[in-house]
Protein chains: 2
Amino acid sequence: MQNLLREYKADIFQSLAHPTRIAILEALRDGEMAAGAIQEQLGIEQANLSQHLAILRSRQIVAHRKEGNQVFYSLRNPVLVEVLDIMRRYFQAHLSEARQMLGEIAAEARTR
Amino acid sequence: MQNLLREYKADIFQSLAHPTRIAILEALRDGEMAAGAIQEQLGIEQANLSQHLAILRSRQIVAHRKEGNQVFYSLRNPVLVEVLDIMRRYFQAHLSEARQMLGEIAAEARTR
DNA sequence: TTAGTATATTCGATCTATCGAATATACGCA
DNA sequence: TGCGTATATTCGATAGATCGAATATACTAA
């Protein structure tokens with residue numbers, strides 16, 4: 001059981017482990033949005049957004065409701081926003097390390 | 001910058017997105033431990049543990065110090081424990097969904 | 001120096017994630 | 001019915017993560 005609980009947690013973390021999905025959660029923190037509006041705000045491909053939304057749906061992180069032609073998404077539990085806020089504090093507490101890590105991320109991005 | 005911050009957060013979440021690494025953090029929450037002791041507690045391969053520790057080290061999530069033959073690991077910032085605790089509350093809040101999800105995880109595990 | 005113990009790294013195989021392009025579905029309106 | 005718009009799914013290519021086996025490194029003690 002302990003192991004299954006860890007798999008569950010790992011699964012939730014996995015679903016947060018992508019910049020686009022974090023951006024989606026941040027977009028939803030102030031209320032529900034239609035998929036199209038999210039897409040516009042993030043400036044990504046329609047299919048790509050839909051894939052990320054499918055991941056968040058499958059992990060029960062977002063709720064969705066259809067209204068006519070559109071699908072509105074919302075956060076199921078604001079505690080995840082709380083986690084993101086904690087991460088910001090964490091980031092600030094480790095700013096010099098974070099800066100170094102960001103440098104590495106940026107360097108990798110440039111190399112590719 | 002906003003994007004880099006999201007990459008940083010995603011990177012941290014990625015490093016938490018594995019049951020073994022969650023188990024490591026839980027083991028360390030009460031204080032530092034030698035790698036060997038962690039290995040014994042988790043019951044996994046030595047190389048495998050070392051690989052997971054390398055990931056946690058590279059993301060600055062754990063600190064390590066050598067003492068003679070051994071390497072002692074500890075959490076760099078208790079805020080991550082806080083995050084794990086929040087996840088436990090999250091888990092409880094979504095217990096029925098979680099149960100379903102665990103069922104799916106277990107089913108997949110059985111199929112493979 | 002040699003042997004033994006603790007930990008880290010490298011390698012290759014396998015599995016999982018991500019992307020854009022193409023296509024499918026579902027709805028509203030003429 | 002047929003067309004346009006919004007969203008979802010499938011596909012194939014590429015990149016990244018994970019594992020155990022083998023090997024390397026670092027330290028201790030004889």
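If you're wondering where the values come from, they're calculated on a predicted model, not measured in any experiment. Numbers restart at 1 for each chain; the letters A, B, ... are given by sequence-line order, proteins then strands. These values consider heavy atoms only, across backbone and side chains, with no hydrogens, waters or symmetry-generated copies.
In this structure, A/H52 does not reach the C/dA17 phosphate: none of its side-chain N or O atoms is under 4.0 Å from OP1 or OP2.
Straight-line distance from the CD atom of A/E45 to the C1' atom of C/dT23: 15 Å, rounded to whole Å. Rounded to an integer number of Å, the gap from A/D11 CG to D/dA17 P is 16 Å. A/I38 has its CD1 atom 14 Å from the P atom of D/dA6, to the nearest Å. Atom CD of A/E67 and atom C1' of C/dG28 are 13 Å apart (whole Å). Counting to the nearest Å, the P atom of C/dA17 and the CG atom of A/L56 are 13 Å from each other.
Only at 4.0 angstrom or more do the heavy atoms of residues 13-25 of chain A sit from any atom of DNA chain D, so none qualifies.
For A/A37, the side chain to side chain contact (heavy atoms under 4.5 Å, CB included) test picks out A/M33, with sequence neighbours left out. For the side-chain hydrogen bond (donor to acceptor under 3.5 Å, both in side chains) test, residues two or more places apart in sequence or in another chain that qualify with B/E26 are A/R6, A/K9. Residues forming a side chain to side chain contact (heavy atoms under 4.5 Å, CB included) with B/A54 (at least two apart in sequence, or on another chain): B/R57. In terms of the side chain to side chain contact (heavy atoms under 4.5 Å, CB included) criterion, residue partners of B/D85 (sequence neighbours excluded) are, by chain and number, B/R29, B/V81, B/R88. In this view, A/V71 and A/H64, A/K66, A/Y73 satisfy the side chain to side chain contact (heavy atoms under 4.5 Å, CB included) rule, not counting sequence neighbours. In this structure A/N69 satisfies the side-chain hydrogen bond (donor to acceptor under 3.5 Å, both in side chains) test with no other residue, sequence neighbours excluded. Applying the salt bridge (Lys or Arg N to Asp or Glu O under 4.0 Å) test to B/E40 and every residue at least two apart in sequence or in another chain returns nothing.
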Side-chain donor/acceptor pairs under 3.5 Å, residues 41-48 of chain B, sequence neighbours excluded:
| unit_1 | atom_1 | unit_2 | atom_2 | d |
| --- | --- | --- | --- | --- |
| B/N48 | OD1 | B/H52 | NE2 | 3.3 |

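Side-chain contact between B/L80 and A/I86 is absent, with no heavy atoms from C-beta onward closer than 4.5 Å.
Sorted by first then second residue, the ring-ring contact (aromatic ring centres under 6.0 Å, His included) pairs that include residues 26-51 of chain B, not counting sequence neighbours, number zero.
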Distances for protein N or O near nucleotides 12-14 of chain D N or O, under 3.5 Å:
none

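The CG atom of A/L25 lies 9.5 Å from the CD1 atom of A/I38; values are rounded to the nearest 0.5 Å.
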Readout for nucleotides 2-11 of chain C: B = base within 4.0 Å of protein heavy atom, S = sugar-phosphate only, - = neither; 5' to 3' it is ---BSBBBBB
